[in-house]
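Just below is one structure, and these are the notes that go with it.
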Number of protein chains: 2
Amino acid sequence: MFDLIKDKFPHLKDKWDDFVSYYHRVEVPAKTVLFKEGEISQKAWLIEKGCLRAWFNNNGKDVTFQFFFENEAVSGAESFRKKIPGFFTVETIEPSILHWIHKKDLDKIMSDMDQIPEMKNNMLDIAFERQYHYMKHFLSFIKDTPEQRYLNLLKEKPHIVQRVPQQYIATYLGITPVSLSRIRNRLAR
Amino acid sequence: MFDLIKDKFPHLKDKWDDFVSYYHRVEVPAKTVLFKEGEISQKAWLIEKGCLRAWFNNNGKDVTFQFFFENEAVSGAESFRKKIPGFFTVETIEPSILHWIHKKDLDKIMSDMDQIPEMKNNMLDIAFERQYHYMKHFLSFIKDTPEQRYLNLLKEKPHIVQRVPQQYIATYLGITPVSLSRIRNRLAR
DNA sequence: GTGATTTCTTAACAAAAGATAATTTGCTAT
DNA sequence: ATAGCAAATTATCTTTTGTTAAGAAATCAC
């Protein structure tokens, strides 16, 4: 599970082994809530196997805004810099194998890493990656119709369409499940 | 103009003065193009006075996706990490006073700054800031109607509504100018 | 396997948005 | 001041989405 990252910085092996020892492996069924909207989460998660969604309540309806898959990390405050307490809920979509770590252990490790310049560069890369991701996502909303957006998703992230229930995809695209069903029907012929 | 940033890092004054000396001040009328979609821009810009928009061509119609005001910086590749060559055009909306710098000079300065840890932290902060900004913007598309989005803009960024022509605001909100006019009409009574 | 629950589809209607064009308003330059 | 141009509004029509509800299909629990 953690080998990917270890391979990236082989000379930091000791620090890394230390890091890994803080993690706990768990297997959970589908629809398990990892942390709830409104609560300040004490854990951060890594996904070994399975798939999650982040969603929030918008006037009584739940709106999914992000999906997570294997080898991705999830924490309550989307970026560890900006400490916005969780305005969203994260739960499993499929039965999953996860690794969690106490927030305070992670914080300690993070401040250690802050001393390592190459780690900082790595964090910068991740930050820019996310910025780019959100920007592209937002651009698709101002330039494409919902139908185009669905076609783009099919093309660029087919695993989402394959593994995620339609109702979650619908709100992710900014439309209702009924409307997504109609779009699919329209496209089918 | 540059004092804000100088105040932030007083002990880097020399480096900063050096930095500033590379800049050139210009006054330009409204609708001046700073760099064009498709071209690789050789300049980066700082705004002393005025207001700009970034837009791209989407099937023959121009779509505005970002506004810039006093004390903000603009370059062809939205993030200096990810070197995506300009897929967009930047032009002035109002007559403006700008400061530009050659890309290669900026690159040199940037790699110098890369050595200074606190500058790196500053860049991390900016990156997270932008990530957060784009995320919030994208969230407003999946949770709000165009009308709500316009009301939010009025409330949270009234300066945009005050200084920017309506047609640009419309595409920024993901709707047509005609539709925005109708929304305003609807809200007026 | 079978019943129960959830998810997806379809239908009918209302509300909103896109497209196009005509009209009005506002701004700029001379 | 006024002619000319660009921006905003209004009107008409078409298309799409939202909403609600009902029915079909798929999934889950036992």
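So you know, we letter chains A, B, ... as the sequences are listed, proteins then strands, and number each from 1. Values reported hereafter were calculated over all heavy atoms of this structure, with side chains retained and with hydrogens, waters and symmetry mates removed.
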Nearest-neighbour nucleotide for the Val178(A) side chain, dC8(C), dA11(C), dT9(D) considered: dA11(C)
Touch class at under 4.0 angstrom, heavy-atom based, for Pro146(A) against every strand present: sugar-phosphate
Euclidean distance, atom CG of residue Leu173(A) to atom P of dT16(D) [Å, nearest integer]: 17 Å
Val90(B) side chain near Leu34(B) side chain, heavy-atom distance below 4.5 Å: yes
Separation of atom CD in Gln167(B) from atom P in dT9(D), rounded to whole Å: 11 Å
Which nucleotide in dA16(C), dG18(C), dA8(D) has an atom nearest any side-chain atom of Arg186(B): dA16(C)
Given DNA chain D, 5'-ward residue of the pair Pro165(B) and Thr145(A), judged by closest heavy atom: Pro165(B)
Euclidean distance, atom CD1 of residue Ile93(A) to atom P of dT27(D) [Å, nearest integer]: 15 Å
side-chain N/O Lys61(B) vs dA19(C) OP1/OP2, d < 4.0 Å: yes
Rounded distance (Å) that lies between atom P of dG18(C) and atom CD of Gln148(A): 15 Å
Nearest to side-chain heavy atoms of Lys31(A), which nucleotide of dA19(C), dA21(D), dT7(C): dT7(C)
Aromatic ring pairing Phe67(B)/Phe69(B), orientation class (parallel under 30°, perpendicular over 60°, tilted between): tilted
Rounded distance [0.5 Å steps], CH2 in Trp55(B) versus CD in Gln66(B): 16.0 Å
Nearest listed nucleotide, side chain of Arg182(B), among dT10(C), dT7(C), dT12(D): dT12(D)
Touch class at under 4.0 angstrom, heavy-atom based, for Ser179(B) against every strand present: sugar-phosphate
Pairwise side-chain contact, Thr92(A) with Pro29(A), heavy-atom cut-off 4.5 Å (strictly under): no
For atom CG of Asn185(B) and atom C1' of dA11(D), their distance in whole Å: 12 Å
Nearest-Å distance for atom pair CD/P, residues Gln166(A) and dC8(C): 5 Å
Touch class at under 4.0 angstrom, heavy-atom based, for Ile175(A) against every strand present: sugar-phosphate
Atom-to-atom span, CD1 of Ile169(A) to P of dT9(C) - whole angstrom: 11 Å
Partner of Phe65(A) by ring pair (Phe, Tyr, Trp, His ring centres under 6.0 Å), out of Phe56(A), Tyr134(A), Tyr172(A): Phe56(A)
Nearest listed nucleotide, side chain of Thr176(B), among dT9(D), dT7(C), dA19(C): dA19(C)
Whole-Å distance separating the CG atom of Leu180(B) from the P atom of dA19(C): 15 Å
